[in-house]
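Only this structure's heavy atoms are used, side chains among them; waters, hydrogens and symmetry mates stay out. Naming convention: chains lettered A, B, ... in sequence-line order (proteins, then strands); numbering from 1 in each chain.
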Amino acid sequence: MDFHFTPEEEAFRAEVRAFLDENLPPGTNTNDPSFIAEWNRKAREKRWIGFSWPKEVGGGGATIMQQVILKEEMSKRKAPPLGTCFMGLAWVGPAIIQYGTEAQKQRFIPDILDGKYQWCTGYSEPSSGSDLASLQCKCVREGDTYVVNGQKIWTSIAMWSKWIILLVRTDPNVTVKHDGITCLLVPMDTPGITVRPIKNMSGGAMFAEVFFDDVRVPVENRLGAEGQGWQVTVSALAHERSSIAEVEGLKRKLEEVKELARRSTKNGRPALEDDGIRRRIARYEAKIEGMRFNGMRALTKQLKGEPLGAETSINKLLRAELEVAFGEIALEMQGSAGHLEKEIDGGRWQRFALSWPEVVIGGGTPNIQKNIIAERVLGLPKD
Amino acid sequence: MNFGFTEEQELLRQEVRKFLDAHCPLEEVRKLMETPEGFSRDLWKQMGELGWIGLPIAEVHGGAGLGWVDLVVLLEEMGRTLFPSPFLATTIAAAAIREAGSDAQQAQWLPLLADGSKIGSLAYLEASDRHDEAGLELAAKPNGAGFVLSGDKVQVLDAAAADLFVVAWRGGLAVVERNAKGVTVTPTPSIDQTRRVGRVRFDDVAVAAGAVLANPAALGRVLDLATAAVTAELLGAAEQAIRITVDYAKEREQFGQPIGRFQGVKHPLAEMYVDVESAKSILYYAAWCLDEGDADASRAVSLAKAYASEAFARIGIDAVQLHGGVGFTWEYDPHLYLKRSKWARPAFGDSDFHYDRAIALGEK
Ligand SMILES: Cc1cc2nc3c(=O)[nH]c(=O)nc-3n(C[C@H](O)[C@H](O)[C@H](O)COP(=O)(O)OP(=O)(O)OC[C@H]3O[C@@H](n4cnc5c(N)ncnc54)[C@H](O)[C@@H]3O)c2cc1C
């Protein structure tokens with residue numbers, strides 16, 4: 001056990017810090033579009049966007065440790081994201097790098113790195129959520145064209161995206177449902193695509209239903225082989241492994257909860273002096289520290305070249321619990337005013353308490369994570 | 001950066017596991033727990049010869065000079081099989097002498113503990129049941145350069161087997177031999193028969209100046225080391241309780257299928273696994289902090305103990321419950337782990353105590 005870093009790693013950390021000192025001085029308005037443009041131009045110059053991707057495709061070719069250091073330093077300073085094409089950077093790009101043709105790589109990767117436009121993800125369907133592999137969106141090949149008919153749902157930012165990574169069923173007659181699924185890359189302005197935004201419980205509309213009515217997609221837009229769609233997407237999602245940024249985010253949130261506890265009152269005293277509140281906060285702290293060192297243990301395995309099992313599911317479960325708990329304790333500490341829309345802190349805790357489904361449901365539900373742990377780690381029978 | 005065990009540590013784990021599986025499987029533990037002494041002198045001797053008792057004792061004093069991270073490996077394995085022995089007690093006593101004793105005092109006592117020829121134990125908890133110095137009320141009257149001690153210590157690990165006690169009072173620590181005049185030991189049987197504790201009474205016990213440890217302020221660190229050790233052992237036990245229950249859930253069939261297929265069974269097991277793995281992660285960090293003298297050690301120890309003892313309490317209960325009727329029998333093993341959790345939860349401070357301490361330390 002050794003928490004020391006090599007001189008090269010320390011030098012890289014210093015480089016990141018210097019970059020942050022120069023480009024993210026305190027008080028920067030990180031919502032200002034001209035700042036974001038400049039920030040990403042400089043990050044791109046450093047090759048910190050797509051940092052883990054191979055150099056040949058324009059990535060940074062970074063080692064695992066460099067990726068960790070960059071993420072850690074960035075999230076410690078609350079830096080804005082590196083790059084603007086969120087889903088392109090998170091899984092579309094990695095899938096294309098792993099399974100794409102040369103032409104696909106040239107066509108899509110530079111634009112993802114430059115954040116030219118948004119990608120969205122068309123996996124879930126009305127009848128296929130947790131059981132994603134049961135998806136039914138129909139796809140028939142006619143010569144050099146695929147014809148798609150069906151529906152997707154919960155497609156985040158579909159209304160602002162130029163492209164969609166789409167899972168369709170090319171073979172309905174397979175015995176194993178994971179086979180017969182194919183991955184297509186489809187322009188959102190293709191005739192026959194209709195997007196209908198869905199209002200969420202916070203009142204906003206970030207996701208949508210997407211309908212496909214005789215949508216014609218050239219065969220060259222297929223990613224991977226026909227029937228290989230499941231592997232293409234699963235291995236790309238596996239790139240989202242390290243939980244360093246999430247841990248830093250949760251640590252910050254816990255500090256904010258403590259700060260709220262200091263200025264809220266419970267039974268005539270600051271809530272932070274209440275035993276019940278203090279112990280709940282200490283429990284959250286233990287879970288966050290657990291996540292932090294779970295992450296390090298997983299990282300150590302990765303560095304040794306050992307495959308990761310269900311380690312990420314452990315942290316996903318803990319995070320889900322904390323995301324809900326923070327909103328709850330915040331509103332409880334605000335007492336009778338807890339339900340008021342904008343009375344305290346402009347309503348940021350109320351918004352927080354209504355946004356956890358993004359994390360808790362969006363990335364695979366807690367029940368599904370528990371199944372993964374029970375089946376893949378403990379070896380219990382599949383249900 | 002490397003947050004894993006070294007090859008040597010992995011090897012140590014395998015060796016200890018092999019030794020315990022061969023010489024002290026649960027059937028043997030069950031036999032030992034029915035004996036008056038509760039452990040095997042023969043295995044104790046063998047462990048001394050293998051160098052495990054002296055593992056964290058400096059080489060000049062006859063030990064292996066390893067640290068708390070190594071000790072964690074050993075204790076997790078002992079917890080796994082509920083290995084009954086005065087190892088934990090002796091390790092904590094040795095740590096106290098190492099941290100608080102002068103060079104001469106260390107040279108006098110540590111070699112005797114390192115090879116197992118003497119069994120030691122820390123006597124600190126009193127009727128106040130407080131895990132801090134403020135709870136210490138043992139009277140220590142100055143007597144020349146030494147002291148005269150009067151009062152009771154409770155929950156003293158392996159009190160009946162101990163040859164020497166490291167006794168704490170407010171502002172002081174001393175080594176007192178079991179056969180000193182005025183020392184009375186009364187075993188206080190636990191529902192956990194694999195764990196022996198007792199009450200030690202001091203009636204005007206004279207302590208010579210040479211036995212008064214030079215640096216009593218080290219008590220805080222000693223308690224941190226002890227708490228980390230207890231946590232390692234309890235997490236080994238908790239992990240095994242999950243293992244036993246998982247194995248049973250794969251075998252036992254109801255409604256035409258293994259009960260492990262029901263989510264009412266598999267999900268609690270997954271949750272317990274998450275808790276044990278996460279508490280282990282914090283504990284490893286805490287042990288590393290203790291070895292490195294890192295300032296974050298106390299907070300990390302407290303978070304680990306708080307998290308682990310709460311998780312183990314639940315695991316003990318669920319292990320019994322998920323076994324159904326056989327879980328209630330003497331014959332099946334879950335009750336042994338449930339009972340261990342009843343000792344482990346309050347030992348060296350329960351969850352409330354350690355959560356309170358952790359959050360207070362974080363505010364400093
Ligand atoms: C904010 C947000 C953004 C999203 N963005 C996208 C996106 O961009 N693209 C996309 O394709 N999808 C997206 N999704 C969809 C998301 O992946 C699904 O909502 C999720 O997989 C759950 O599927 P479901 O909604 O159909 O719920 P269901 O699968 O119907 O689950 C309902 C309940 O049943 C439980 N359940 C289901 N199966 C089991 C089981 N085997 N054992 C125990 N319990 C079970 C679940 O845990 C859950 O509590 C998004 C979702 C949200 C909330």
- Is the NZ or CZ atom of Arg17(A) positioned over Phe12(A)'s six-membered ring, under 6.0 angstrom from the centre and within 45° of the axis? no
When the 4.5 angstrom heavy-atom criterion is applied to Glu363(B) and chain A, the contacting part is side chain
Exercise. Can you check whether His354(B) reaches Leu303(B) side chain to side chain, under 4.5 Å on heavy atoms?
Worked result: no
Counting heavy-atom pairs under 4.5 angstrom with chain B, the leader among Ser313(A), Ala374(A), Pro366(A) is Ala374(A)
Is the centre of the Tyr337(B) ring less than 6.0 Å from the centre of the Tyr332(B) ring? no
Under 4.5 Å to a heavy atom of chain B? For Met65(A) that would be side chain
Open item on the list: Ring of Phe352(A), cation from Lys253(A) - is the NZ or CZ under 6.0 Å from the centre and inside 45° of the axis?
Closed with: yes
When the 4.5 angstrom heavy-atom criterion is applied to Ala360(B) and chain A, the contacting part is both
Per-residue tally against chain A (heavy atom, under 4.5 Å) across Asn2(B), Leu269(B), Val69(B), Leu283(B) peaks at Asn2(B)
Cut-off 4.5 Å, heavy atoms of chain A, and the answer for Tyr307(B) is side chain
Of the listed Leu317(A), Leu303(A), Asn371(A), the one with the largest count of heavy-atom pairs under 4.5 Å with chain B is Asn371(A)
Honestly, the part of Asp352(B) sitting under 4.5 Å from a heavy atom of chain A is both
Honestly, the part of Tyr284(B) sitting under 4.5 Å from a heavy atom of chain A is both
* So does Arg348(A) pair up with Glu256(A), basic N to acidic O under 4.0 Å? -> yes
Nearest heavy-atom approach of Asp224(B) to Val301(B) is O-CG1, 3.8 Å
Among Lys250(B), His267(B), Gln9(B), the residue with the most heavy-atom pairs under 4.5 Å to chain A is His267(B)
Interface check, chain B: of Thr300(A), Ile281(A), Asn367(A), Leu272(A), most non-hydrogen pairs under 4.5 Å belong to Thr300(A)
Looking at side-chain heavy atoms only, is the closest gap between Arg340(B) and Leu234(B) below 4.5 Å?
-> no
Looking only at Ser281(B), Pro258(B), Ala270(B), Ala304(B), most heavy-atom pairs under 4.5 Å shared with chain A are made by Ser281(B)
Bottom line for Asn315(A): the part with an atom under 4.5 Å from chain B's heavy atoms is neither
Discussion item. Taking the six-membered ring of Trp48(A) as reference, does the cationic atom of Lys71(A) (NZ for Lys, CZ for Arg) lie under 6.0 Å from its centre and within 45° of its axis?
Written reply: no
Under 4.5 Å to a heavy atom of chain B? For Ile314(A) that would be both
Answer yes or no: is there an ion pair linking Lys266(A) with Glu332(A), defined by an N-O contact shorter than 4.0 Å? no
Cut-off 4.5 Å, heavy atoms of chain B, and the answer for Leu318(A) is side chain
Counting heavy-atom pairs under 4.5 angstrom with chain B, the leader among Val377(A), Thr6(A), Asp275(A) is Val377(A)
Cut-off 4.5 Å, heavy atoms of chain B, and the answer for Leu378(A) is both
Quiz item: Are any of the side-chain nitrogens in Arg77(A) or Glu72(A) under 4.0 Å away from the carboxylate oxygens of its partner?
Solution: no
message = Surrounding CZ of Arg13(A) (heavy atoms of other residues, nucleotides or ligands, distance under 6.0 Å), is the total greater than 12?
response = yes
The interface call for Lys301(A) against chain B, heavy-atom contacts under 4.5 Å, is neither
